[in-house]
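No experiment lies behind these values; they were computed from the predicted model shown. Order of the sequence lines fixes the chain letters, A, B, ..., with proteins taken first and strands second; residue numbering starts at 1 for each chain.
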Protein chains: 2
Amino acid sequence: MTEPVYDQPALVESEFLQGLPAQDRVAILGVAQRRPVERDHFLLRQGDPADRVYLLAQGRLRLSTVTTDGQEVIVRYVAPGEGFGVAAALKDITYPVSIEAVENSLVMSWDRATFAQLMERYPRLAMQAMQTLAFRMREMQDRVRELQTERVERRIARALLRLVRQTGRKVETGVLIDLPLTRQDLAEMTGTTLYTVSRVLSQWEQAGLVESGRERVLIRAPHRLVTIAEDLPPQPTPDK
Amino acid sequence: MTEPVYDQPALVESEFLQGLPAQDRVAILGVAQRRPVERDHFLLRQGDPADRVYLLAQGRLRLSTVTTDGQEVIVRYVAPGEGFGVAAALKDITYPVSIEAVENSLVMSWDRATFAQLMERYPRLAMQAMQTLAFRMREMQDRVRELQTERVERRIARALLRLVRQTGRKVETGVLIDLPLTRQDLAEMTGTTLYTVSRVLSQWEQAGLVESGRERVLIRAPHRLVTIAEDLPPQPTPDK
DNA sequence: ACCCGAATTTGCGCTGGCGCAAAGACAGAA
DNA sequence: TTCTGTCTTTGCGCCAGCGCAAATTCGGGT
């Protein structure tokens, strides 16, 4: 795959490049390394030297970390147009996460020195990179607050709603979370176990909120999930 | 208090200014607003319009957020030399946290437009600000991992060790956490309740790890706290 | 010196969610 | 079509930590 990607919407409106004139985007992408990553393959592993900044052109990636006693935590998924690796490439010696493609993907990247030069030359790129970092920090802050103050069902609802916003695709019966998502994956995003996720999803399926299958979740009633996530009183359901 | 602060160590080595030549530091600090904040007074409150970037010259601040049902979460404490507010001032409409002085403090700040101009003029300031954001993001990521995978005793140990690194003062019997710290404060940093914190601290006091009092914690054996935090086998204790 | 409100301590019953078991479902490979 | 490994479901006992009560301690204000 060598055709130009410069005018792909995911890149034009990407976190790093939105708001830059086309010629600047072309210049920045023109010095990027392009790397396809097949599904189930790793872009990089936790502990690798951190020397590149990345932007996802196509596909889906999962960022995860493993604790010293082997538990895995999913930090986040990456959708096309989203940047990552900025924090690590500023100063970190090694990457704190592993990054695995959950479907065939295409990743643009710049080594640290190149990215620093680009930021100096294009101050808007620097501002966009800072905003990306700021967003991530806010996301993590929200996760901390949720983990400290909310019960497991709310956390699962919130994780699903995040995925809906990030990678949801409207279909006839609702919004499909458009990536392979096991109960174990959801558990690792929300600080619980696959059995608890399974029980909660089964309950919600019986209640008509979701439809699910193997590695698949479709949200039939996002608004009802919001009432669970936000701990609001249930709205009257429309007559059947 | 109007005497110059430009050469205070906390500012010279501060997160935003370390590595900049003295003349640049003077220029940057020269256009900062300086604001004293008395103990127990708020610098700003959650929901206030976000338009300033801050750097703490003196004192101690507490950053906290309240959930919709009134639970408080302590995001972090701020020590002299640490910057904050960058994320919010980039784009956010309102601050996601409240900031209260836990002792008399002095805060330097710049409005958003000024800080953006300073970053353009001093690229190293921009890089330092980005690194500050990156550090915060990593801190929050670590908190998420801990909350998802660790039991309450380990989380309390970790929170104390963070405070030791950030604001610990060596005294004869160990390291004093040099700020007023209630059991409730520790609970809000670790996702538990003041009663659980009290039980754990009492147990550790009997075991000789800590000495504590009202709003006060001294760590007698930091290494033993590390073994708890990291879930390591206990080292043989030296003979009495 | 005294008072009082905040902070801390300690006991104990309760429960949300986990751990584990066991079985079933199913998608992809052969 | 069959097989197999992965994923999911469901039951049930257990327990880490919470909720609440009640009492104590103590530091700052008067």
Side-chain angles (χ1 to χ4, degrees), chain A residues 38-40 62 69-74 100 102-103 146-160 177 179-207 210-218 228 231, chain B residues 38-40 62 67 69-74 100 102-104 146-160 177 179-207 210-218 228 231:
Chain A
E38 282 185 42
R39 171 182 170 144
D40 295 336
R62 175 172 61 231
D69 55 359
Q71 295 184 71
E72 186 157 331
V73 173
I74 288 178
E100 176 177 6
V102 297
E103 57 189 63
E146 290 161 20
L147 282 159
Q148 289 197 197
T149 63
E150 296 175 1
R151 296 193 170 213
V152 69
E153 199 184 46
R154 293 183 65 188
R155 301 200 311 266
I156 296 171
R158 285 198 190 278
L160 288 173
I177 289 171
L179 52 71
L181 185 68
T182 66
R183 275 52 171 163
Q184 178 66 22
D185 290 339
L186 262 174
E188 289 172 13
M189 295 178 77
T190 54
T192 183
T193 66
L194 77 91
Y195 312 106
T196 301
V197 171
S198 186
R199 292 189 189 97
V200 171
L201 285 188
S202 292
Q203 191 189 332
W204 287 346
E205 186 142 21
Q206 284 176 15
V210 303
E211 284 170 28
S212 68
R214 187 193 183 91
E215 298 192 17
R216 173 181 173 280
V217 182
L218 178 154
I228 292 175
D231 205 23
Chain B
E38 280 186 44
R39 170 182 171 147
D40 295 336
R62 176 171 61 230
T67 69
D69 56 359
Q71 295 185 70
E72 186 156 331
V73 173
I74 289 178
E100 176 177 8
V102 298
E103 57 190 63
N104 289 345
E146 290 159 23
L147 283 159
Q148 289 199 195
T149 63
E150 297 176 1
R151 295 191 170 216
V152 69
E153 199 183 45
R154 293 183 65 187
R155 302 200 311 266
I156 294 170
R158 285 198 190 277
L160 288 173
I177 289 172
L179 54 71
L181 185 69
T182 66
R183 275 52 170 163
Q184 178 66 23
D185 290 339
L186 263 174
E188 290 171 13
M189 294 177 77
T190 53
T192 183
T193 67
L194 78 90
Y195 311 106
T196 301
V197 171
S198 187
R199 292 188 188 97
V200 171
L201 285 187
S202 293
Q203 191 189 330
W204 286 348
E205 186 140 25
Q206 285 177 11
V210 305
E211 284 171 26
S212 68
R214 189 191 181 92
E215 298 191 16
R216 172 181 175 280
V217 181
L218 179 153
I228 292 174
D231 205 24

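For A:Arg199 against C:dG16, a side-chain-to-base donor-acceptor contact under 3.5 Å is absent.
Interatomic distance, A:Asp231 CG to A:Thr149 OG1, rounded to the nearest 0.5 Å: 10.0 Å. Atom OG1 of A:Thr192 is separated from atom CD of A:Gln184 by 10.0 Å, given to the nearest 0.5 angstrom.
Summarising the geometry, the separation between CG on B:Leu186 and P on D:dG17 is reported as 16 Å, rounded to the nearest angstrom. For the pair B:Gln184 CD and C:dG5 P, the computed distance is 20 Å after rounding to whole Å. Between A:Ile156 atom CD1 and D:dT8 atom P the separation is 13 Å, expressed in whole Å. Put simply, CD on B:Gln203 is 11 Å from P on D:dG17, counting in whole angstrom units. The separation between A:Arg216 atom CZ and D:dC7 atom C1' is 15 Å, rounded to whole Å. Between the CG atom of B:Leu194 and the C1' atom of D:dA23 there is a distance of 15 Å, rounded to whole Å. Here the P atom of nucleotide C:dA27 and the CZ atom of A:Arg39 are 13 Å apart, to the nearest Å. As a whole-Å value, the separation of B:Glu205 CD from C:dT9 P is 7 Å.
When distances are taken from the side chain of B:Tyr195 to each of D:dT8, C:dT8, D:dA21, the shortest belongs to D:dA21. With D:dT10, C:dT8, D:dC7 as the choices, the nucleotide that has an atom nearest any side-chain atom of A:Arg214 turns out to be D:dC7. Nearest to the side-chain atoms of A:Arg151 among the listed nucleotides C:dG16, D:dG17, D:dG19 stands C:dG16.
Shown here for A:Leu181 and A:Leu160, the closest heavy-atom pair between the two residues is CD2-CD2, 4.3 Å. The two atoms that bring A:Gly213 and A:Arg183 nearest to each other are O-NH1, 3.1 Å, heavy atoms only.
Annotation: of the two residues near DNA chain D, A:Ser198 and B:Glu150, the 5′-most nearest-nucleotide partner is A:Ser198.
Of the residues listed (A:Val217, A:Thr190, A:Ile74), the one engaging A:Asp185 in a side chain to side chain contact (heavy atoms under 4.5 Å, CB included) is A:Ile74, and it is the only one.
Proximity of A:Thr182 to the phosphate of D:dC7: no side-chain N or O atom is located under 4.0 Å from OP1 or OP2. In this structure, A:Arg183 reaches the D:dT8 phosphate: one of its side-chain N or O atoms is under 4.0 Å from OP1 or OP2. In terms of phosphate contacts, A:Ser212 brings no side-chain nitrogen or oxygen within less than 4.0 Å of OP1 or OP2 of D:dT8. The shortest distance between the side-chain N/O atoms of A:Ser202 and the OP1/OP2 oxygens of D:dT10 is below 4.0 Å. Using a 4.0 Å cut-off, some side-chain N or O of A:Thr192 falls inside it from OP1 or OP2 of C:dC18.
The residue A:Leu201 sits apart from the nucleic acid: no heavy atom pair falls under 4.0 Å.
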